[in-house]
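A short worksheet on the structure shown next.
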Amino acid sequence: SGTHMLFSKIEKGKPVKLVVQGDVRGSSEGSYWPASTIKLLPVIAVMRSGIKPKTYVRMKRYRGTVRMLLKRALSVSSNVAYDSLVDLVGQDYVNTTAKQLGLKRTWLSRPYGRRGTFYYSAPYWLGKKYIRAKRAKLKNPKCKSNCTSLEDLQKMILYASKDKELRRWIQRHGKFAKVLRKYFPKVKVYCKSGYVAHRHGLTNCKFGNYIITIATPCGSRKNWNKNKKLRARMAESVLSTYIKGRVP
């Protein structure tokens, strides 16, 4: 009860639904708040902007390479790294990127490592170049904070897995990945998970030619490990029922 799941097969470069449970189109105003899963979007936007990962950046809350920001945002889900990546290109560029990628229900405007919004991005130094402050102009009347959908999350993880720089930070070897490799031993597993306070725990993984995205009720942080085990059991149930013995 209260679970939302989307299991898709990649055909012609796009995820095609195989199994659906619950409201897979929900956003922060629907089935769940996207939490850390939305961190895929600014990471993709920065890579599409042409900024080189090895470039050194000096910002108010961070000094280091862009590559370290990418790593921290994806591998340890750093909120400061997430905020800094959005500030690098600005809120409008991130949301324009979402539109260009065909993410119809995704919008980003709220930081996680600080209060307020991304309306104003402070100036910073990118290498030896001074980047002026940016103010957002675009608005989304349907979403006043951060929104996404399971379909959009699947498109994001698919795009990130194709990028040589990004896939090193989303490749996973944990318990959930172990379940997927039980049926497909040779595939690489790429994931980005999230915790939605008092609402959902979420896992979004691509493995071979398949993507599975599951949001399950959490209740509290204490239930986090129990929640992860539940998502793993659900994933195994889907795999054993629908694609056992097939080669991705």
Side-chain angles (χ1 to χ4, degrees), residues 26-30 32-53 55-127 129-149 152-153 155-157 159-160 163 166 169 192-197 199 202 204:
S27 66
S28 61
E29 298 177 345
Y32 70 93
W33 165 264
S36 291
T37 58
I38 200 70
K39 292 174 182 175
L40 283 166
L41 180 55
V43 164
I44 293 171
V46 168
M47 293 303 297
R48 285 171 63 93
S49 74
I51 297 176
K52 302 298 181 183
T55 306
Y56 189 86
V57 60
R58 288 181 290 162
M59 311 179 81
K60 184 177 181 179
R61 303 181 67 203
Y62 174 78
R63 289 193 176 191
T65 64
V66 174
R67 174 170 286 129
M68 186 55 66
L69 285 176
L70 299 172
K71 178 181 179 180
R72 290 178 180 175
L74 294 179
S75 61
V76 298
S77 209
S78 165
N79 288 335
V80 173
Y82 156 76
D83 293 351
S84 299
L85 287 168
V86 178
D87 287 337
L88 280 177
V89 292
Q91 177 185 316
D92 282 354
Y93 187 88
V94 172
N95 287 319
T96 297
T97 297
K99 185 176 181 180
Q100 292 172 346
L101 294 176
L103 310 182
K104 298 180 180 180
R105 296 179 178 85
T106 298
W107 180 262
L108 186 155
S109 64
R110 174 180 169 178
Y112 288 161
R114 65 175 188 256
R115 295 182 179 180
T117 70
F118 285 122
Y119 168 75
Y120 172 80
S121 295
Y124 62 92
W125 286 89
L126 185 66
K129 185 178 181 181
Y130 180 74
I131 307 299
R132 296 180 180 277
K134 294 177 281 291
R135 284 183 169 80
K137 297 180 180 179
L138 302 178
K139 296 182 180 181
N140 185 343
K142 295 183 179 180
C143 179
K144 297 180 180 180
S145 189
N146 292 351
C147 302
T148 190
S149 68
D152 286 359
L153 286 175
K155 292 177 182 178
M156 287 184 226
I157 197 70
Y159 185 93
D163 189 284
L166 300 183
W169 312 125
K192 183 70 187 83
S193 60
Y195 169 67
V196 190
R199 297 188 68 180
L202 192 140
N204 182 33

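Atom set for the values below is all heavy atoms of this structure, side chains included, hydrogens, waters and symmetry mates excluded. This one's a predicted model, so the numbers in the text were calculated from it and none came from an experiment.
Checking side-chain atoms of N95 against main-chain N and O of L108 turns up a donor-acceptor pair under 3.5 Å. The backbone N or O of L101 lies less than 3.5 Å from no partner atom in the side chain of K155, so there is not a single donor-acceptor pair. Looking only at distances, a side-chain donor or acceptor of Y112 sits under 3.5 Å from a matching main-chain atom of A35.
S84 meets the side-chain contact (heavy atoms from CB on, under 4.5 Å) test with M59, Y62, L69, V80; sequence neighbours excluded. Applying the side-chain contact (heavy atoms from CB on, under 4.5 Å) criterion to T96, with sequence neighbours excluded, gives Q100, L138. Under the side-chain contact (heavy atoms from CB on, under 4.5 Å) criterion, A122 pairs with Y120, sequence neighbours left out.
Applying the salt bridge (charged side-chain N to carboxylate O under 4.0 Å, His left out) test between D83 and each of R110, R115, R72, R61 identifies R61 as the sole match.
Minimum heavy-atom separation, G194 to S36: CA-CB, 4.0 Å. Closest approach of P111 and G116 over heavy atoms only: CD-O, 3.1 Å. Shortest non-hydrogen contact noted between D152 and G102 is OD1-O, 4.2 Å. Nearest heavy-atom pair, A160 versus L166, reported as atom, atom and distance to 0.1 Å: O-CB, 3.7 Å. Minimum heavy-atom separation, G90 to S121: CA-OG, 4.1 Å.
At a threshold of 4.5 Å between non-hydrogen side-chain atoms, the residues T106 and I38 count as touching. The closest side-chain heavy-atom distance from R58 to Y124 is not below 4.5 Å. Counting heavy atoms from C-beta outward, N79 and R114 have side chains that stay 4.5 Å or more apart. At a threshold of 4.5 Å between non-hydrogen side-chain atoms, the residues K71 and S78 do not count as touching. Between L70 and W169, some side-chain heavy-atom pair lies under the 4.5 Å cut-off. For the pair P42 and Y82, the minimum side-chain heavy-atom distance is below 4.5 Å. Side-chain contact check for L103 versus T148: every heavy-atom pair is 4.5 Å or farther apart.
Residues K139 and S109 have side chains that never bring a donor and an acceptor to within less than 3.5 angstrom of each other.
Other residues, nucleotides and ligands contribute at most 12 non-hydrogen atoms within 6.0 Å of the CZ atom of R63. Applying the 6.0 Å contact sphere to NZ of K134 captures more than 12 heavy atoms from other residues, nucleotides or ligands.
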What's the verdict on side-chain contact (heavy atoms from CB on, under 4.5 Å) for V89 and I51, showing C-alpha distance, side-chain angles and the deciding distance? CA-CA 9 Å; V89 292; I51 297 176; 4.2 Å; yes
Take C143 and R105 through the side-chain contact (heavy atoms from CB on, under 4.5 Å) test and state the conclusion after the steps. CA-CA 9 Å; C143 179; R105 296 179 178 85; over 6 Å; no
Go through the steps for K52 and V66 under the test side-chain contact (heavy atoms from CB on, under 4.5 Å), then give the verdict. CA-CA 7 Å; K52 302 298 181 183; V66 174; over 6 Å; no
Could you walk me through whether M47 and Y159 pass side-chain contact (heavy atoms from CB on, under 4.5 Å), step by step? CA-CA 11 Å; M47 293 303 297; Y159 185 93; 6.0 Å; no
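Distance CZ/R67 to OH/Y56: 15.5 Å, rounded to 0.5 Å. In this structure, CG in L41 is found 10.0 Å from CG in L153, a value given to the nearest 0.5 Å.
Between Y93 and F118, the distance from one ring center to the other does not fall under 6.0 angstrom.
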